[in-house]
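Fair warning: this is a prediction, and the values are worked out from it, not measured in the lab. If you read the sequence from its start, that first residue is 1, and numbering goes on from there.
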Amino acid sequence: AELEACAAAASRALAEVEAGAWGADLDEVKGRLAALEVELARAHAHLLAQSASPALREFFAALAEQDEAHARLLGR
């Protein structure tokens, strides 16, 4: 459920960006990006917790680190 919600949020964001409806104000866009990063990090953490495979755990841990770095870049 977590991964499906994450994919749905990303798909909605992409559709809004392509339609030019994601916001014109930089602070608004940064806020929305930061919120999306939180959803991505949550999904990555969920998958990490479920994975028994060391390789998959390492992969999702790296994705979670990237999510945190993106949030810092966005100033959130």
Let me confirm one number: the [atom1]-[atom2] distance from [X] to [Y], rounded to the nearest 0.5 Å.
| X | Y | atom1 | atom2 | value |
| --- | --- | --- | --- | --- |
| Leu40 | Glu68 | CG | CD | 12.5 Å |
| Lys30 | Glu37 | NZ | CD | 13.5 Å |
| Leu63 | His70 | CG | NE2 | 9.5 Å |

Item checked: Minimum-distance pair of heavy atoms, taken over all atoms of Ala13 and Leu36 ->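 Here Ala13 and Leu36 meet closest at CB-CD2, 4.0 Å.
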Checklist line | Considering all heavy atoms, the nearest Glu39-Ala9 contact | finding: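 Heavy atoms only, the tightest pair is OE1-CB, 3.1 Å.
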Check: Taking everything shown except Glu16 itself, do over 12 heavy atoms lie less than 6.0 Å from its CD?
Finding: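 Yes.
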